[in-house]
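Atoms considered below: every heavy atom in the structure, side chains included; atoms not considered: hydrogens, waters and symmetry mates. The sequence lines fix the lettering, A, B, ..., with proteins before strands; numbering per chain opens at 1.
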Amino acid sequence: MSTRDVTLDHVSIRFGQHTAVNNALLNIAGGEFFSFLGPSGCGKTTLLRCISGFIEPTEGRVLIGGKDMKRVGPNKRPTALIFQNLALFPLMSVADNIAFPLEVRGVGRKERRKRADELLDLIALPGVGDKKVYELSGGQRQRVAIARALAVEPDILLLDEPLSALDLKLRQHMRTELRAIQQRVGLTFIYITHDQGEALTMSDRVAVMNAGVIEQIDDPLTIYEKPRTPFVASFVGETNSIPGKVVSQSGFDVSLDTALGRLVGRSAGGRQFASGQDVVLFVRPEQLMLDPGGKIAATVVKEEFEGSQRHLFLEAGNAALRVSRVGGGAELMAPGLAVKLNFDPGRSSVMPAAGA
Amino acid sequence: MERIKGIFGDFVGRHGLGVAIYISASVLVWVIVLIALPQVAMLDYSFRHNLPPAQIGGPEDVYTISNYSYFLFGNGESFNALDTGVLFKTLFAAAIVTFIDILICYPIAFILAHSATGVAARMMVLGLIVPFWVNEILRAFAFRVIFGATGLVNGIGMGMGLWDTPVDFIRADVALYSSLTYSYILLMVFPIYNAVEALDRNQIEAAQDMGAPWWRVHWRIVLPVAKPGIASGATIVFMLTAGALAAPQIIGGPSNLWFTQLVYQWFNDASNWQRGAAYATILLGSCLTFVLLLMKVFRVPIGAIGR
Ligand SMILES: Nc1ncnc2c1ncn2[C@@H]1O[C@H](COP(=O)(O)OP(=O)(O)OP(=O)(O)O)[C@@H](O)[C@H]1O
Ligand SMILES: [Mg+2]
C-alpha cells in the first residue's frame with residue numbers, strides 16, 4: 001500500500017438530520033486519477049472536504065496510506081485541495097501565491113522564488129510570477145492554483161470542480177492539460193465534477209454519486225456502457241428509457257414486453273429477474289440504428305443537425321425515442337417518415353423499474 | 001459641477017423635486033453653516049489678538065502669529081516645554097489607546113465575521129453597542145468607581161492577596177486609558193469587521209490546507225485584508241481620543257493634563273478665545289499630520305479609509 005492510497009471505510013457525513021454522504025466505501029490507489037461525478041448538491045464537496053480534513057466523518061474512517069486520519073488536521077495531511085473557486089490570494093503576486101506553502105515551511109525567499117518559477121514552467125506560464133492574480137485569465141488562474149497545490153508536494157491532489165468557471169474551449173483544453181500534469185507528477189488526483197465529459201475523459205475510474213450515495217464505481221467505459229442503476233444510466237450520457245415487463249431470461253439476455261413490442265436486452269450487472277417484473281430497458285441514442293429489417297417501428301418527429309452529430313427525434317408506441325448519427329452526409333429526415341429501428345441487445349441495459 | 005447636476009437630476013427623478021430640494025438644502029446647511037463656517041471663524045480667531053471688545057475692529061485688530069508662537073515659546077524666549085509636552089503626551093497616549101483598541105478589536109471583528117453565529121453573534125454585537133448607551137460622564141465616573149482606592153479592582157486584587165496597599169490606578173492613568181479604550185471599541189470593531197467580512201473563507205482554509213498555522217493565516221491572509229479597516233478605525237479612535245475632554249477631566253491623574261484641557265482652559269478660564277482657537281488648530285494639525293504619517297509608514301492609501 002503506497003502513501004498515496006486513500007480509503008473511505010463506511011464514511012457517512014451528516015449535518016443535523018441531513019445525510020450529505022451515506023456509507024461511502026471505496027479505495028483509491030496511489031497514482032490514480034479518480035473522479036466523483038454527480039449532480040449539484042449530491043455531497044461531492046462534502047466528501048472532498050472530509051478527505052482533506054476540514055470535516056470529520058460522522059461515521060466511518062478516512063485512511064490515507066493506510067493510516068487513520070481521525071483528528072489529523074488539514075495542515076497535517078498529505079493532501080492539497082484546490083477549491084471550487086480556487087481561493088488564490090488576491091493581495092499576493094502570482095509567485096507569492098505559488099510559494100506560500102514553501103513560505104509556511106520556512107524556505108528562504110530566493111529558493112522560494114526559484115521553485116515558483118519552476119512550477120510556472122511546469123504549468124506552461126513562464127514569466128508571470130510578478131503579476132497580480134487579477135491580471136490573469138480564468139484558465140491561467142486555474143493553472144496557478146494547480147501550481148500552488150503542487151508546491152505543497154502533496155501525495156494526493158484534491159480538485160473541486162476546478163474547471164466549472166471556464167468556457168467550453170478552455171475547459172476542453174484544461175482537461176488534457178490536467179491529465180498530462182497528473183501523469184507527469186504521478187500523484188493521486190481526486191477530482192470532483194458534475195460534468196460527465198470531464199469525468200469520462202480524464203479519469204482512470206469514476207464514482208457516480210446521487211443524493212449522498214455512491215451508485216457505481218468503474219472505469220469510464222464501463223460506466224457508460226454498463227451502467228448498474230437507472231440513475232447512472234440516465235445521468236451519464238443521453239439514453240432512451242423504455243419501460244416493460246419481463247417475459248423470460250436466459251443468462252444475460254432478458255426478453256421483455258414493451259409498448260414497442262417484445263424486445264431483448266442485457267441484464268445490468270447480471271441480475272436475475274422474475275417473469276412479470278417491472279423493468280426499464282436503457283439504450284443509448286447512438287446504439288439505436290436505422291435498419292429496414294428492424295423490429296421497432298417509429299415515426300420521425302424531427303431531425304436536428306449539430307455539427308459532428310445529428311439527433312433524430314422519433315415517436316414509437318406513444319414513447320419518445322432519440323437516435324444519434326454521424327453529422328454530415330445525407331439530407332435531414334422529414335417529419336412523418338416511417339422508419340424501422342434495431343439495436344444490439346449486448347449494448348443495452350435492463351434494470352428494475354424505480355420503486356420496484 | 002456636471003456630476004453634481006447629474007446626481008441632483010437623478011434624485012429629483014427618483015424622489016420628486018420637493019424631497020430633492022430639502023435634502024440638498026440640508027446638506028448645504030450642514031456642510032457650510034455647521035462645519036465650514038465655524039472652522040473658518042476659529043482659524044481666523046487664532047490669528048488675532050485677544051482685545052477688549054472696544055478695540056475689536058480698531059487699528060489694533062491685526063493678524064498675528066503670537067498665539068502660535070506662545071505655544072512654542074511661551075511669553076519669554078525660552079521653549080514652552082510645558083504645553084508642547086502636553087501635546088506630545090496626548091498624542092502618545094491617544095496612540096497607545098488606539099493600539100490597544102486594535103489588539104482588542106481585531107479578534108472580535110474576525111470572530112464576528114467568520115465564526116460567531118446566531119445567539120453568540122447577537123450577544124457580541126449587543127455587548128459592543130451597550131457602552132454607547134451610557135453617557136460619557138457617567139462612564140468616566142463609573143471607571144473612577146471601578147479603579148478607585150476602594151474600588152472593584154483594588155478590592156479584588158487585595159482580596160486575592162495580589163497586592164496589599166491600594167494601587168492608585170487613577171494617578172497612574174490606568175483608569176483613563178481603560179475608559180478611553182472601552183469607549184471607542186465599537187468604532188474600531190465596525191470598520192475592521194467590514195473589511196474582514198469580505199474575505200472569502202476558502203482563502204483561510206486554503207492557507208490552512210497548505211500547512212499554515214493560525215498565526216500565519218492571520219499575518220499573511222487576514223491582516224492584509226483587514227488593513228484598510230484597521231486604518232479607518234484607528235483614525236477615528238485616535239482623533240476622538242486625542243480630542244476627548246470629559247474623561248481626562250474626570251479620571252485623569254491630577255498631575256496629568258490632556259491637550260484638550262489646555263484648549264478648554266484658554267477658552268473658558270482665561271477667556272482667551274484667540275489662543276484657545278490657536279491651540280485647537282494645533283491639535284487638529286498635529287493629529288492629521290500624525291495620522292497621515294502613520295498611513296504612509298503602513299502603506300495605506302488615503303482612499304482606503306472609509307471603504
Ligand atoms: N456545513 C453544512 N451544513 C449543513 N448542510 C450542508 C453543509 N455543507 C453542505 N451541506 C449540505 O450537504 C449537501 C451536499 O453539499 P455539497 O456541497 O457536498 O454538494 P456538491 O455535491 O458539492 O454540490 P455542487 O456541485 O453544487 O458543489 C447539500 O444538500 C448541502 O446543503
Ligand atoms: Mg461542490
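- Distance check, rounded to the nearest 0.5 Å: CZ of B:Arg220 to CG of A:Asp96 gives 5.5 Å.
- A:Arg71 CZ: 12 or fewer foreign heavy atoms inside a 6.0 Å radius.
- To the nearest 0.5 Å, atom CD1 of residue B:Ile221 and atom CZ of residue A:Phe100 are 4.5 Å apart.
- Atom CZ of B:Phe132 sits in a crowded spot, with more than 12 heavy atoms from other residues, nucleotides or ligands closer than 6.0 Å.
- In this structure, chain B has heavy atoms under 4.5 Å from both the backbone and the side chain of A:Glu103.
- With rounding to the nearest 0.5 angstrom, the CZ atom of A:Phe83 is 10.0 Å from the CZ atom of B:Arg201.
- Here the side chains of A:Met92 and B:Pro224 are not in contact, with every heavy-atom distance at 4.5 Å or above.
- Surrounding CZ of B:Phe190 are at most 12 heavy atoms belonging to other residues, nucleotides or ligands under 6.0 Å away.
- Annotation: the span from B:Met210 atom CE to A:Thr79 atom OG1 amounts to 11.5 Å, rounded to 0.5 Å.
- When all heavy atoms are compared, the tightest approach of A:Val104 to B:Pro213 is CG1-CD, 4.4 Å.
- Counting all heavy atoms, side chain and backbone alike, B:Asp209 lies closest to A:Leu81 at OD2-N, 2.6 Å.
- Atom NZ of B:Lys89 has more than 12 heavy atoms from other residues, nucleotides or ligands within 6.0 Å.
- For A:Arg105, no part lies near chain B; criterion is any non-hydrogen pair under 4.5 Å.
- In this structure, chain B has a heavy atom under 4.5 Å from the backbone of A:Leu88, while its side chain stays farther away.
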